[in-house]
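To find a chain, count down the sequence lines: A is the first, B the second, and so on, and within it residues start at 1.
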Amino acid sequence: MSAAKVKMRGKKMRNQPVSVQYPSSSAQNGGDTPNPAGSFASARAAEVQAMLTAVTKTTGSCHVYGALPKHMRRRSMSHNTKRLPRRLRDVANRMREKSLQAGSKKKKEQPKSKSRKARRRHGNLLLEFNRRQRKNMWLETHIWHAKRFHMVKKWGYCLGDRPTYKCYRACYRAMSSHCLLQDLSYYCCIELQGEEDKLLACLSLLTSKETGPTFAAALSLSGRRQGSVVLYRAGQYPSQPLGPVTFLWRPRMQGTTHRQLWIWAHPTLKKDLLPELQTVCQCCEAVVPPVVPVVIPAGVVLTPEPESEKTPEAQQVTGTKRKHSGIYSTGELPPGTVLGLTVDDPRVTLPTKKVKALPCVKQAQEVDEEKRKELMLQGVPEHCCQSYLWEQSVRDNVTDNKISEQQLNRMKSEVLVPGSRLSPIPLQGRVPILLVHQPGKQVGHEMSSWGAGWDLLLPKGWGMAFWVPLVYRGVRIGGLNMTLKHSQNKGVSHFPHDYPDCPAGVRFQEEQESELLDKFKRRPPAKRTNYIKHGCLAPFRCPWEQLAEEWELITREAESQTTTEADTVMEEKMTSRRDITVTKPQSHVTVLRNRKSLRLLSGWCKPTTSKGQRRCRVGEVPPLDRSAATSFLATHVMSLVWVRLSLLSKGKPEFHAMVCVPTAEDLQLLKKGSSSTGPQEPPHKDHFKSRIKRKKKGNKKTSTPSLLPKTDSNESDLSSTSEPNPTTSKDPKSSSQSTSDLIFGLWPDPLPSVTSHCSRVTLGWVTQGDFSLSAGCGEALGFVSVAGLLNTFVNQPMEHRGTLLLRNPTSLHYRFAKINIEV
Amino acid sequence: MVRVKSRYLLCEVNVPDRSRLLLLDDRAVAAAVREAVARIHGDYGAALCSSGFTVKYLNAHTGIVFLRLPKRSYRLLWSALPFISSIEARGQKVSCFLSCLHVGGTIRTCQKFLIQYNKQQLHRMLPKCKNPEEEQKIRRAILNCSVPGGNMEGLEDEDDDDDEEEEEE
């Protein structure tokens, strides 16, 4: 019974007598013998009292009608109290008043009595929306999304996850050859202002040159390019990364060294980033306290991929040359190019019907070769990167002077010829925007510059004004799902899913784990996948630290075995192992981001293209042998590396698939031909099933004693305990205490050895896995332990180096995959 | 659904030694009854006992038990009660026998009967008292039992009640 029901029952039964008996502890012996009669009498008297209260006090119905015997009750008593006998009349009156009062009491919240029309009036609606936005922020395009997307509440924002209509393949086609649009206003923008050298000095603490170009890179410093960098805690490289950010410098102005820097960060990163910036930038003058995204231009960031120039109708470039003529694909532009433009209000030229965006091929002939080359190599000249968007005053002006929809519609209706353009284009309708080029796939050798696009930064308030005209030009809209797929196809790690070493990534993993676990528990036990039988230790969360630690131990053992000092080595090994287990090293797992090391590793992997078939030419790479491996590992302890695995033949990798090392026999199978599909894992035994069953039966036992004997469980491996006696309840209780957290089908914590649990040694796990439409085979992106990988490479023959096995958590079948580390 | 009816049996557990009564437990009594029924009526009786049979109330001081039985089979189960010779409670055997005082359709009737019965018992004990203290105690108990005034009217239909009250005062 639920708690409420228990309470109600208690209230109802409060006058009924409770059994008078002694609990087991206090059994009296001979306390009564001196005066049996007296105590007996008092016991009887007490009993009579109890019975009297039980009989006389009637609970439940209100006593007005209970006091009257049944043959004297009338129906009209309920509305006419004069029909009651006089002694009950005033009581009944009081009851009536109380009930009437309760009904007419006004509710304190928003009254539902407002008609639907009144509730939907504009002012009331706005109030309602503001109230709903308190917990989760709405983007400017929220209402548009809410009508067409499944919304999800994440990171303090309400975002569209996926459209309500089936469009996965259409969105993919739009991403690769047409145009896909997304609203990324939830990214936080932090503005830093100050002297250039001071800013650079402060920011250099947060980055490192080894991971790539930083804030101080010449091209991005000039303001012509956008840069992206991984930030670390001050001075803590290579451990304790915070996450990736993109940044943009304002182009240099004559006469001052005062610069402005915009940093775009993911909302989960903001919490960690702000304190770091504050500590680092103590000395900088005039640092604007990091502006909350509301004030800074909430950019509608756009990622279209037109095959040739952008559809020009939405823009009327003033004062600058038309730049895009002659560029055949945006992939040709140098990555991160910035363009500053001022455009007219796009709502003015809104087409009445939706049109398809067609690439304009006509102007290709009038191309000037030189100009084109210049564009490709050097990007846009500096004065074209300037935009008024950087000025706060201009931004505010533009936001305040925006013509409202109502006014615009009135103007349109007042035009003489209906349907023609509004000829005197209002001067307030000039909007400064920034276009930033986003490079497509940059790493690796295949599918280069897939998924290139543009980011469109707008002033606040102009989101819907640009959104609707763009949609009317035939752009597809994608949600969070598509962002993930975009990163997947590009082969880059997506924040926060693929950053296990950042605090935001760790938080995200925990949330994801709890969600998946809830979903798993909701299913009835007989319908769940039994992960124990599939030999999958962690289907919902990857224990990276345990993996890295185990591989450290294994490599250390391997090293010590090769040296000739046997005894001392054994001792060393023992002590080192003991140290590891006793001290529990504080070192967290880190992801290898050092470019040089990555290039080295990539060369050792023997990168391939298109399903791992054609071998790519790689530059000079030192040969891989044990000493090189050990020296490499010495510099990078407890690290993981981001890899891309493409399956050789069949298979679709799933979330948290295991990456394993093939044995020599498996590689023989591979040699035989493409018909081989890979080895099978023998199913594991589920020892916990018997424990759970016993525990359940023990619970049932303690509640109702039964004379029927218990049936023994099938898996009798661990049932060394005898069948518990029906009358004593000690055995099940003790076992239930030890196995209190067992969930049917999952390994309980702490996990056993992660690497050696299955028949093939585990190297790592997959964080994003799916059938890739761009590659035409299954592709998986994930992390593997560096120590494990090098160990594997050293032991594998040259022709098969880089071949690994992949196994989904719900399957026993291993698939061959080729590893690629892309730099 | 038509009203589900049961029969409530008011029984008294008689023991030679009053102190042994205190060991009793309602589960022990239920187990003893079930076992007796199974012994006398076999599997059929045991099945009848499995659902619909409960011990509703037990007073270890006075040995009063309320048993609830299903209406269809209460006579059968009742017939097995005299065969109970001992009740096993807390690892000890209490030799006793059950005597049924009243059968009622509801607990309330059994409770009403119990009030009357207890009163009669007290009155019967009065002349048997060995010393004045006991007598005092019993008189006080009787006084405690009887409730003044109006409540008694609604309870009983018999006239014995009024007679007894008058007798007391």
Side-chain angles (χ1 to χ4, degrees), chain A residues 12-13 15-60 63 66-72 87 701-708 725-729, chain B residues 17-19 21-27 31 34-35 38 46 50 55-66 90 92 107-119 121-122 125-126 128-131 133-147 151-152 154-155:
Chain A
K12 195 171 156 196
M13 296 291 208
N15 288 324
Q16 293 292 324
V18 178
S19 300
V20 179
Q21 58 195 1
Y22 278 103
S24 57
S25 47
S26 62
Q28 279 174 304
N29 298 319
D32 295 322
T33 37
N35 200 349
S39 62
F40 187 63
S42 50
R44 291 253 176 207
E47 197 176 31
V48 166
Q49 279 286 13
M51 292 299 146
L52 274 175
T53 51
V55 167
T56 52
K57 294 224 165 92
T58 50
T59 56
H63 62 279
L68 267 182
K70 280 195 242 177
H71 60 276
M72 285 171 63
R87 60 188 171 99
K701 277 248 165 292
T702 49
S703 52
T704 55
S706 70
L707 296 172
L708 306 166
N725 220 335
T727 49
T728 61
S729 49
Chain B
D17 184 10
R18 177 82 24 87
S19 61
L21 254 188
L22 297 172
L23 294 170
L24 281 186
D25 199 11
D26 52 355
R27 279 191 204 154
R34 280 211 185 96
E35 185 259 338
S50 61
V55 171
K56 273 300 193 181
Y57 170 83
L58 165 71
N59 193 331
H61 290 284
T62 56
I64 298 288
V65 190
F66 283 10
R90 276 181 223 138
Q92 295 181 45
I107 281 198
R108 190 160 291 199
T109 54
C110 291
Q111 285 169 346
K112 286 186 203 170
F113 177 83
L114 186 60
I115 297 171
Q116 294 295 321
Y117 178 75
N118 275 343
K119 281 224 192 90
Q121 289 290 326
L122 283 172
M125 274 170 64
L126 204 53
K128 288 189 221 154
C129 292
K130 293 177 193 126
N131 40 0
E133 297 146 4
E134 272 187 50
E135 210 181 312
Q136 275 294 318
K137 274 199 178 165
I138 293 179
R139 277 193 197 273
R140 220 181 296 137
I142 292 176
L143 278 178
N144 278 341
C145 278
S146 53
V147 183
N151 280 340
M152 295 299 278
L155 269 187

Distance in Å, His61(B) NE2 paired with Glu47(A) CD, rounded so as to fall on 0.5 Å steps: 10.0 Å

OH on Tyr117(B) to CE on Met51(A), rounded to 0.5 Å: 13.5 Å

Contact class of Leu58(B) relative to chain A, heavy atoms under 4.5 angstrom: both

Heavy-atom contact with chain A under 4.5 Å, split by part of Gln136(B): neither

Distance (rounded to the nearest 0.5 Å) between Ile115(B) CD1 and Gln49(A) CD: 9.0 Å

Nearest heavy atoms of Ala54(A) and Arg108(B), plus distance in Å: O-NH2, 3.8 Å

Most chain A-contacting option - heavy-atom pairs closer than 4.5 Å, from Leu122(B), Val55(B), Ile107(B): Leu122(B)

